[in-house]
Amino acid sequence: MEITETWLRKHRPIYLRATQHPFILSIRDASLPLSSFKRWLGQDYIFVRAFVPFIASLLVKAWKEGDDEANVDIILSGIATLNDEVSWFKREASKWGVSLDGIVPQPANLVYCSFLECLMSAQVDYTQAVTAFWAIEAVYQESFAHCLEDGCKTRDELKETCERWGNDSFGQYCRALQGIANRQLEKASDQVVAKAEALFVRVLELEVEFWNMSVLGS
Ligand SMILES: Cc1ncc(CN)c(N)n1
């Protein structure tokens, strides 16, 4: 079995807390207060800005690792996706009258952004960084796809947000990242794999805290 699949089973409780969080469940049942959505929108914009240098650093790691062109192209497509994500945030924020200037990053956001910064250091190798990247993207994909399933009462105004990450092509992109992570993990040392697993769990914890911040405020 693929290494990431064993982790998804072994860490299922925290994975479900990250991908079926009350923030997501309340989008599904149309009970999410608009104030919480707007708070999430502003905070996630800050996160996405911090994600830009992280993906750039991952591309450099892929190049240094000498990973094959196909994998570099997948990460390159991640930069294009992120570019779309940034412009989507600007459009969505103006639609909701949310100003993206001068938003104060909440503690959970600061912690997550400094985690991204740690992943950029040379001490974190390509295998670990690409595994964390897959986990970060996969949590959003699963979370928002959950809001698009039959029977959800997701409000029309929030459907575009859910589609952004919950759509099939983003799902394919996440599976491609998972494929890179698995191939790298297969040939990595036990120490590198153990550290990658710890980073995988840390991403899930940070995503839970990020959703908590969006629901509860600071
Ligand atoms: C917190 C968080 N995690 C993941 C994603 C998807 N790039 C995001 N926009 N924000």
Side-chain angles (χ1 to χ4, degrees), residues 14-24 27 32 36-59 74-93 96 98 100 103-120 129-148 158 160-178 180-181 199-218:
I14 176 84
Y15 189 74
L16 287 177
R17 285 201 300 279
T19 55
Q20 297 185 10
H21 187 276
F23 182 89
I24 290 299
I27 292 180
L32 181 73
S36 297
F37 175 76
K38 290 180 179 180
R39 181 186 305 122
W40 165 81
L41 196 66
Q43 291 300 314
D44 208 37
Y45 178 70
I46 293 170
F47 177 85
V48 160
R49 299 295 340 184
F51 212 51
V52 172
F54 165 65
I55 294 196
S57 77
L58 186 65
L59 207 52
I74 291 165
I75 297 167
L76 205 50
S77 77
I79 293 196
T81 302
L82 188 61
N83 185 47
D84 295 344
E85 214 167 277
V86 168
S87 11
W88 178 84
F89 271 98
K90 290 174 179 165
R91 278 199 314 279
E92 195 71 8
W96 295 99
V98 171
L100 293 177
I103 294 184
V104 178
Q106 301 291 312
N109 203 351
L110 289 172
V111 170
Y112 205 165
C113 291
S114 58
F115 172 76
L116 290 179
E117 204 161 335
C118 295
L119 292 177
M120 294 181 217
V130 77
T131 298
F133 182 41
W134 156 68
I136 294 167
E137 301 289 54
V139 166
Y140 260 45
Q141 205 284 323
E142 289 246 5
S143 295
F144 287 110
H146 198 50
C147 302
L148 298 172
L158 299 188
E160 192 191 321
T161 299
C162 299
E163 283 289 346
R164 153 139 294 284
W165 289 281
N167 68 73
D168 291 343
S169 66
F170 195 77
Q172 269 175 302
Y173 160 67
C174 291
R175 280 188 294 281
L177 290 176
Q178 189 176 8
I180 298 176
L199 289 173
F200 168 73
V201 173
R202 186 71 185 123
V203 164
L204 300 179
E205 290 166 350
L206 289 163
E207 288 288 347
V208 170
E209 290 308 314
F210 198 91
W211 293 131
N212 287 344
M213 165 196 71
S214 307
V215 170
L216 304 170
S218 66

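Order of listing sets the numbers, starting from 1, for every ligand and every atom in it. Treat the numbers as computed from the prediction; the structure is a model and nothing was measured. We count residues from 1, following the sequence as given. When reading the values below, keep in mind they use all heavy atoms of this one structure, side chains included, and skip hydrogens, waters and symmetry mates.
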_By ring pair (Phe, Tyr, Trp, His ring centres under 6.0 Å) - contacts of Phe47 (at least two apart)_ =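 Applying ring pair (Phe, Tyr, Trp, His ring centres under 6.0 Å) to Phe47 gives Phe51, Tyr112, Phe210.
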List ligand 1's nitrogen or oxygen atoms that come under 3.5 Å of a protein nitrogen or oxygen, with the partner atom and distance.
residue  : atom   : partner : partner atom : Å
ligand 1 : 3 (N)  : Glu207  : OE2          : 2.7
ligand 1 : 7 (N)  : Glu85   : OE2          : 3.2
ligand 1 : 7 (N)  : Glu137  : OE1          : 2.7
ligand 1 : 9 (N)  : Asp44   : OD2          : 3.0
ligand 1 : 9 (N)  : Glu85   : OE2          : 3.2
ligand 1 : 10 (N) : Asp44   : OD1          : 2.7
ligand 1 : 10 (N) : Asp44   : OD2          : 3.4
ligand 1 : 10 (N) : Tyr140  : OH           : 3.3

*Is it true that Trp96 and Phe89 have ring centroids separated by less than 6.0 Å?*
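No, too far apart.
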*Would you please name every residue forming a salt bridge (Lys or Arg N to Asp or Glu O under 4.0 Å) with Glu92, sequence neighbours left out?*
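Per chain and number, Glu92 pairs via salt bridge (Lys or Arg N to Asp or Glu O under 4.0 Å) with Lys95.
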Output a table of donor-acceptor pairs, distance under 3.5 Å, between side-chain atoms of residues 76-84 and any protein atom two or more places apart or on a different chain; print 'none' if there are none.
residue : atom : partner : partner atom : Å
Ser77   : OG   : Ile74   : O            : 2.5
Thr81   : OG1  : Ser77   : O            : 2.9

*Distance in Å, Leu216 CG paired with Gln106 CD, rounded so as to fall on 0.5 Å steps*: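 Going from CG on Leu216 over to CD on Gln106, the span is 11.0 Å.
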*Look up atom CG in Asp168 and atom CD in Glu163, then write down how far apart they are to the nearest 0.5 Å.*
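It is 8.5 Å, given to the nearest 0.5 Å.
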